Amino acid sequence: MRSTALVLIPVGVVVERRKAKSVWADFLWRPVSVFVGKAVAAPWTPLDTQAHKTLLFAGEAVVELHRTETTNYRDNLASGAPSLWIALRPAASNQPYELLSVTADPAEGEAFTDAGSNLVEAVPMPPEVVEAVAQLIAQHHVERPFVKRQRDQQTPRIGEQDGRTRNDRAR
């Protein structure tokens with residue numbers, strides 16, 4: 001499938017695996033950061049190991065920026081804490097998750113939670129991505145006024161008067 005994105009930004013994703021304090025799960029997983037560029041490490045390579053947590057390079061993704069989503073990007077930047085949403089989905093391989101997507105669109109990030117089994121987390125947006133998003137907004141944003149849709153006028157069906165049916169009139 002061809003992408004219609006105007007800007008493609010390669011990123012690497014860092015995930016934290018923490019020892020769980022639960023009898024139902026051994027580990028808790030959560031995306032913690034994104035870096036811009038290509039990585040030289042293989043996916044799921046440990047980056048830092050401490051007593052109860054490990055940072056792992058989860059893999060590479062591409063942040064796609066589309067001109068039709070500039071309103072969502074603008075709202076993201078205006079929030080005061082620009083974020084990227086990372087979506088991981090359960091994998092049927094040796095690793096517990098596979099990297100599904102990284103997005104700058106808050107609505108798309110929220111939509112990834114609909115599956116229920118996806119692990120979705122917002123992380124701080126790197127300055128290079130903030131700059132690319134701001135540039136895309138400056139070049140391609142078109143303010144679209146909100147237009148409230150008017151309801152269609154209903155015409156009475158045959159046998160109805162004043163919107164009432166025959167059974168209503170009999171009462």
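Note that this is a predicted model, so its numbers are computed, not measured.
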| request: Output all residues satisfying side-chain hydrogen bond (donor to acceptor under 3.5 Å, both in side chains) with E60, sequence neighbours left out; order by chain, then residue number. | output: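 For E60, no residue satisfies side-chain hydrogen bond (donor to acceptor under 3.5 Å, both in side chains) once neighbours in sequence are set aside.
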| query | Got a donor-acceptor contact below 3.5 angstrom from the N76 side chain to the A104 backbone? | reply |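 Looks like yes, one N/O pair under 3.5 Å.
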Measure across [X] and [Y] and return the closest heavy-atom pair with its distance rounded to 0.1 Å.
X	Y	value
A20	L28	CB-CG, 3.9 Å
Y97	W44	O-CZ2, 3.1 Å
G109	T103	N-CG2, 3.8 Å

Please check if atom [atom1] in [X] has more than 12 non-hydrogen atoms from other residues, nucleotides or ligands closer than 6.0 Å.
X	atom1	answer
Q139	CD	yes
E128	CD	yes
R67	CZ	no

Going by side chain to side chain contact (heavy atoms under 4.5 Å, CB included), name the residues that satisfy it together with [X], two or more places apart in sequence or in a different chain.
X	value
Q50	D48, K53
V7	I9, L65, L136
N72	E69, D105, P106, A107

For the atom pair [atom1] ([X]) and [atom2] ([Y]), what is the distance rounded to the nearest 0.5 Å?
X	Y	atom1	atom2	result
L6	H140	CG	NE2	5.0 Å
M125	S79	CE	OG	8.0 Å
F27	T54	CZ	OG1	7.5 Å
I137	Y73	CD1	OH	9.0 Å
S33	E16	OG	CD	10.0 Å

Scan the side chains in residues 81-90 for donor-acceptor partners under 3.5 Å anywhere in the protein, sequence neighbours excluded, and list what turns up.
from, atom 1, to, atom 2, distance (Å)
S83, OG, A81, O, 3.1
R89, NE, E98, OE2, 2.8

Hydrophobic clustering (ILVMFWY, side-chain heavy atoms < 4.5 Å, transitive) - are [Y] and [X] grouped together?
X	Y	answer
L119	V123	yes
V34	V36	yes
L56	V120	no

| said: Using a 4.5 Å cut-off between side-chain heavy atoms of Ile, Leu, Val, Met, Phe, Trp and Tyr, which other residues end up in the same hydrophobic cluster as L55? | reply: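 Via sub-4.5 Å side-chain contacts, L55 links to V14, V32, F35, L47, F57.
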| said: Could you walk me through whether V13 and V15 satisfy the side-chain contact (heavy atoms from CB on, under 4.5 Å) test, starting with their C-alpha distance in whole Å, then the side-chain angles of each, then the deciding distance to 0.1 Å, before giving a yes or no? | reply: CA-CA 7 Å; V13 176; V15 172; 4.1 Å; yes
